[in-house]
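Here's the structure, in structure tokens; my notes come after.
FYI, side chains are in, hydrogens and waters are out, and symmetry mates aren't considered; it's all heavy atoms of this structure. Whatever order the structure lists ligands and atoms in, that order sets their numbers, starting from 1.
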Amino acid sequence: MEPRTRAALGAVAALLLLAGCTSTADGGGVDIGGVEGTPGAAGLRDPYFPKLGNGGYDVTHYALDLAYDPRSGRLDGTAMITARAAQDLSAFNLDLAGLAVDSAVVDGDPASVNRAGTELTLRPRADIGKGEVFRTTIEYSGVPRTITDADGSKEGWLRTRDGAVALGEPAGSMAWFPGNHHPSDKATYDVTLTVPQGTQAVSNGVRTSERTANGRTTSVWHSAEPMASYLATVAVGQYRTKVSATPSGLPVLTAADPSVAAKSDPLLARIPELLAWQEENFGPYPFSATGAIVERTGDAGYALETQTRPFFPLDSLTVEILVHELAHQWYGNSVTPADWKDMWLNEGFAVYAEWLYAEDFENVPAQVNFEAAFATDANWDFPPADPPSAENLFDPPVYQRGAMVLHKIRQQVGDDTFYEILAGWAAKHRHGNASTADFTAYAEEVAGEDLGEVWDVWLYGDGKPKRP
Ligand code: ARG
Ligand code: ZN
């Protein structure tokens, strides 16, 4: 039986209950359902973004079908969201910024939709039982917006000269699709992109098909491994696209704006070599595709580690930043922070990867970079594990002092154990989420010793220690 109560039957169920009949979700009693849900939470209480994400369910898969017209800037989307209820649900929220909701359907029945700011509240016709898998289909449209972050940088949907690019860290993905936009709810994705013929579209993962009909080109992109929504991307415009494979057979797809392609080609050609080096240090590459997207300088203010296909404005495409964004595929993308307070687990590791690159390729010991970071005042504004506010998530202490924490562990435990920790951490939480407390416990477990001083002074301590 279908363990769901139709709203129309709810009154009948109530009457039967009053009359002394039992009614249970799993068919123990009267066969008309009886799930009495409560609304899922409107946020996940992230310390910096309390409304980000939603409680009561876990998304397992997003199927996004998007048509974009670069000229008008209009997006027409259908999001099919497959999720499992984590509680009996009478209603649940999705995050969406801007865009009009044209229809909402849950398991084939229309659902009512309420909007307050970036919170969409959906009330399905029938309550959903805990553990049930349900599918929500939202049709939506409009001109997606660019979001200004607490630190002043731009994310969400960014128009470029010939199209647009979607960047989502920390909260921008709600500008182009409805979802559970907190890093703790990871899911697989299929993204279908339809653009005018002659324009290209790129997303994460593997391109599984591309066809042109009636003046429009549609491509389909599959992400088989879980992805946090902030790492989803689409790029629409003119690109010089290159498809190849690494020596181990990993598909590589790079897309560069034609005006920057000649400049970016030599570095992009190093992706297979850099990944091979990172695999030696960090363990097996966690995804089934790689590549990059390169836009013109100014199309975004920063590079981003969008999953399998990091994004770079040309002026950010240096070998250090390429190494940094590729390292995020292990640290951030595969092992994802449990909440945004744990950002140093992303950025400290990615910066340390740059220091390792300098050591292995340029004969600059990590100790040299460590000492330079130690001497820089801006790195001492706050402890990496405790940024004072959302505005500070991308500040130097999260990056440089985060890397200093790793260097202090290395000094204390020695190289062999240190590399064991780096790769072991990526293996232990592969495709999952982890917190700072998980990391400190894990590092001590592998080291077989107490690292309390490293945590107290370097990870959590206020101010600059006397000696490096
Ligand atoms: N995670 C990106 C990187 O380290 C930086 C993203 C900056 N985003 C922002 N909203 N400030 O490469
Ligand atoms: Zn980074």
Side-chain angles (χ1 to χ4, degrees), residues 46 48-49 52 97 145-158 165-176 181-183 204 227-233 235 267 271 274 278 282 292-295 297-337 339-357 369 373 378-379 381 384 387-406 422 426:
D46 185 282
Y48 299 104
F49 306 93
L52 206 57
R145 57 169 72 160
T146 301
I147 293 172
T148 302
D149 288 338
D151 70 352
S153 57
K154 307 280 188 204
E155 59 161 333
W157 194 263
L158 311 178
V165 58
L167 300 178
E169 188 182 36
S173 292
M174 65 171 78
W176 59 282
H181 289 298
H182 189 270
N204 314 85
M227 174 161 74
S229 75
Y230 77 93
L231 298 165
T233 189
L267 260 188
I271 290 174
L274 294 171
Q278 294 189 333
F282 308 153
I293 300 166
V294 189
E295 281 286 7
T297 296
D299 279 346
Y302 50 85
L304 186 65
E305 63 267 27
T306 38
Q307 194 149 303
T308 69
R309 204 142 290 129
F311 170 87
F312 304 85
L314 181 66
D315 62 344
S316 292
L317 187 63
T318 63
V319 71
E320 289 78 14
I321 298 177
L322 180 58
V323 163
H324 178 112
E325 307 308 341
L326 292 176
H328 273 311
Q329 306 304 315
W330 284 259
Y331 307 107
N333 299 11
S334 172
V335 183
T336 304
D339 63 45
W340 286 118
K341 202 182 175 84
D342 299 317
M343 181 65 118
W344 82 276
L345 292 173
N346 288 12
E347 302 306 342
F349 281 69
V351 169
Y352 204 74
E354 296 179 53
W355 295 3
L356 291 176
Y357 176 84
N369 274 301
N379 295 334
D381 289 348
S389 77
E391 204 178 313
N392 306 107
L393 280 180
F394 301 94
D395 282 359
V398 174
Y399 284 70
Q400 302 292 321
R401 199 174 153 186
M404 280 190 261
V405 171
L406 294 176
L422 280 188

Shortest-distance N, O or S atom of His328 relative to the Zn ion (ligand 2): NE2

Modelled atom types, side-chain donor and acceptor of Ser173 and His181, under 3.5 Å: no

Single hit among Thr148, Thr146, Asp149 for side chain to side chain donor-acceptor pair (under 3.5 Å) with Lys154: Thr148

Give the numbers and elements of all ligand 1 atoms closer than 4.0 Å to a heavy atom of [X].
X: His328; answer: 4 (O)
X: Glu305; answer: 1 (N), 2 (C), 3 (C), 12 (O)
X: Tyr302; answer: 6 (C), 7 (C), 8 (N)

Whether Glu155 lies under 4.0 Å from ligand 1, heavy atom: no

Ile321 and ligand 1 - part of the residue with a heavy-atom distance under 4.0 Å: neither

Has the side chain of [X] got a donor or acceptor atom that lies under 3.5 Å from a matching backbone atom of [Y]?
X: Asp151; Y: Ser153; answer: yes
X: Glu155; Y: Ala171; answer: yes
X: Asn333; Y: Glu305; answer: yes

Non-hydrogen side-chain atoms of Glu295 and Leu314 separated by less than 4.5 Å: no

Side-chain heavy-atom pair Leu158, Asp299 within 4.5 angstrom cut-off: no

Can you tell me the protein heavy atom closest to [atom] and the distance?
atom: atom 10 (N) of ligand 1; value: Asp149 OD2, 2.5 Å
atom: atom 5 (C) of ligand 1; value: Tyr399 OH, 3.4 Å
atom: atom 9 (C) of ligand 1; value: Ser153 OG, 3.2 Å
atom: atom 11 (N) of ligand 1; value: Asp151 OD2, 2.8 Å
atom: atom 1 (N) of ligand 1; value: Glu169 OE1, 2.6 Å
atom: atom 12 (O) of ligand 1; value: Glu325 OE2, 2.6 Å

Any N, O or S atom of Glu347 closer than 2.8 Å to the Zn ion (ligand 2): yes

Heavy-atom closest pair, residues Pro313 and Gly298: CB-N, 4.4 Å

Test of ring centre spacing under 6.0 Å for Trp330 and Phe282: yes

Distance-only N or O hit between ligand 1 and Ala303, under 3.5 Å: yes

